[in-house]
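Proteins come first, then strands; the chains are lettered A, B, ... in the order of their sequence lines, and each starts at number 1. In this text the structure is predicted, and so the values were computed from the model without any measurement.
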Amino acid sequence: MIDPKLLRQATQDVAKNLARRGAGGEFDADGYLQLEERRKALQVETEALRNERNTSSKNVGKAKAQGEDIEPLLAAVKDLGQKLAAAEEFLKAVQAELQGIELGLPNLLMDDVPDGDDESANAEVRRWGEAGKFEFEPRDHIELGGNLGMLDFDAASRMSGSRFAVMQGGLARLQRALAQFMLDTHTQEHGYLESYVPYLVQAHALVGTSQLPKFEEDLFKTTGETPFYLIPTAEVSLKNLAREQILEADTLPMRLAALTPCFRSEAGSYGQDTRGMIRQHQFEKVELVQLVMAGQSEAALEELTGHAEVVLQRLELPYRVVSLCAGDIGFAATKTYDIEVWLPGQQKYREISSCSNCTDFQARRMKARVRNPDTGKPELIHTLNGSGVAAGRALIAVMENYQQADGSIRVPEVLLPYMGGMDVIAAD
RNA sequence: GGAGAGAUGGCUGAGUGGUCGAAAGCGCUCCCCUGCUAAGGGAGUAAGGGCUUAUACCCCUUCGAGGGUUCGAAUCCCUCUCUCUCCGCCA
């Protein structure tokens, strides 16, 4: 949520910033200001009425204590209650309407976010590694996995439908090895606290991280009296650890990491990446989260992105980092770097990590604060997150980049300790 | 699933209809005292919002959540949620 104070004091500036997002940034500034005018009038009126009622009631109490006749006092406040109730109802409605608007507005963009409508306008920041030269025609992961007999989409679809995969044998182990390696790297070298967190959360947690109310269709939801949502990313669970907390300053920056499955309904992505494991309803991901003091989030974004890059560097996977343009950047982010890994089978760079600075946008929704040691006052923290990285996509990248002419897959050096002596994944 | 107990400020914990946003303690901040340290004395210390140039004053809200009774609710009534203990079941 954008700071409501900013929203009403610098409405046109906010509108201008949001407009950079194109389709996602619609904001009826005039309508908002009108509504805000009504809110102000109603709130002032309501609070004045409440003040009157409170004072009167106290006088009743005093009079009663002194044994005076309270009947005239009671008569004086008789119709106050009704007026107050009516005012409160109006105010509540206007506030709800305002909040609805506020919850639907995306975060303000940082100035250095490039202009543009879609991913074609994303700006490449840097490249690492040499996009694979093969002495043979590289296969994609679908063919590789199928030939190995370790990747089965048919079996998955028979029980679960499309966008699921079954992996077995060396491939299943390779994914586990990747996840372990990533988690170890981040916890042992980058200072992240390994965390096991709920995979099912309630709506308010998702409102906090801003998947709700706007993006409900992307989520899986359970039935029952209190519905649960399956987390689309561990970002939700990790960030909500700070929900409704006033953290001590010396606990920041807080670096949190978790390996979890992620569940996405992929509504609206019909026809995109229907083949293979790129876009699944369920996938494993190591997520990195940082909770920092305001003012430190810009540096933290660079750092966190670097942490994700280390994983790809150790795996010797070529990648590039792009800064997402205004039209492509996520709802909660003020700035996002995507890390795209080279996939020889597609001859393309594909997203494997997305690292975002969400400033105080989510913290405001979650009421996640820190006590500023200088002022003694609570202030909103800044939240950041990034994949470190998506295990399913890392598996694809390893398969395609480490494939050999005979269709076997070499195990990357850094994964050997996790593979129980297996250095090549080959068909039986 | 059954029975019982509970939910109050950063923490512990008192408070059963009216100057209670809330005793006391801990913690924290500042001051005093004392060679240092320890101990001691004093003062201050909830959050959110409104108004506002203002982090000043003033006002409103909040004692798990939501309803209700009342001129007035932390306190009474109803519903819900969560936590703890015991039993049952279970990985």
Derivation and outcome, side chain to side chain contact (heavy atoms under 4.5 Å, CB included), residues A:K214 and A:F331: CA-CA 10 Å; A:K214 207 175 174 188; A:F331 187 77; 3.8 Å; yes
A:K367/A:E244 salt bridge by N-O under 4.0 Å criterion: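 No salt bridge links A:E244 with A:K367.
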Check ion pair A:R264-A:E266 (N to O, under 4.0 angstrom):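 Salt bridge between A:R264 and A:E266, a charged N being under 4.0 Å from a carboxylate O: no.
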Expressed as a whole number of angstroms, how long is the span from [X]:[atom1] to [N]:[atom2]?
X: A:M366; N: B:rA47; atom1: CE; atom2: P; value: 19 Å
X: A:K62; N: B:rC71; atom1: NZ; atom2: C1'; value: 15 Å
X: A:K367; N: B:rU62; atom1: NZ; atom2: C1'; value: 11 Å
X: A:K92; N: B:rC60; atom1: NZ; atom2: C1'; value: 16 Å
X: A:D3; N: B:rG48; atom1: CG; atom2: P; value: 12 Å
X: A:E88; N: B:rC59; atom1: CD; atom2: P; value: 18 Å
X: A:N372; N: B:rC28; atom1: CG; atom2: P; value: 18 Å
X: A:F228; N: B:rC82; atom1: CZ; atom2: P; value: 8 Å

Considering only the [atom1] atoms, how many Å lie between [N] and [M], rounded to the nearest integer?
N: B:rU61; M: B:rG66; atom1: P; answer: 14 Å
N: B:rC30; M: B:rU85; atom1: P; answer: 40 Å
N: B:rG67; M: B:rG18; atom1: P; answer: 24 Å
N: B:rC20; M: B:rC60; atom1: P; answer: 15 Å
N: B:rU75; M: B:rU8; atom1: P; answer: 14 Å
N: B:rU52; M: B:rC59; atom1: C1'; answer: 12 Å
N: B:rU45; M: B:rG25; atom1: C1'; answer: 14 Å
N: B:rC63; M: B:rA7; atom1: C1'; answer: 10 Å

Closest heavy-atom pair and its distance - A:G388, A:V311: O-CG2, 3.8 Å
Shortest non-hydrogen contact from A:L259 toward A:E284: CD1-OE1, 3.9 Å
Side-chain touch A:F27/A:L7, heavy atoms, less than 4.5 angstrom: yes
Interface with RNA chain B, restricted to residues 39-59 of chain A and to heavy atoms under 4.0 Å: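 Hits under 4.0 Å, by residue number: A:R39, A:K40, A:Q43, A:E47, A:R50, A:N51, A:R53, A:N54, A:S57.
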Aromatic ring pairing A:H190/A:Y192, orientation class (parallel under 30°, perpendicular over 60°, tilted between): perpendicular
A:K64 side chain, from C-beta outward: closest of B:rG18, B:rU52, B:rC51: B:rG18
Contacts under 3.5 angstrom, residues 159-169 of chain A side chains, donor-acceptor by atom type, not counting sequence neighbours:
| from | atom 1 | to | atom 2 | distance (Å) |
| --- | --- | --- | --- | --- |
| A:R163 | NH1 | A:Q272 | O | 3.3 |
| A:R163 | NH1 | A:D273 | O | 3.3 |
| A:R163 | NH1 | A:R279 | O | 3.2 |
| A:R163 | NH2 | A:S269 | O | 3.0 |
| A:R163 | NH2 | A:Q272 | O | 3.2 |

Backbone of A:A205 reached by a side-chain donor or acceptor of A:T209 within 3.5 Å: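 Such a contact is found between A:T209 side chain and A:A205 backbone.
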A:Q99 and A:Q95 side chains, donor-acceptor separation under 3.5 Å: no
Consecutive-pair stems (at least three Watson-Crick or G-U pairs, under 3.5 Å) that include RNA chain B: B:1-7 with B:81-87, B:10-12 with B:24-26, B:27-32 with B:40-45, B:46-50 with B:58-62, B:64-68 with B:76-80
A:R8 vs B:rG50: side-chain N/O to OP1/OP2 distance below 4.0 Å: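 Looking at the OP1 and OP2 atoms of B:rG50, one of them is under 4.0 Å from a side-chain N or O of A:R8.
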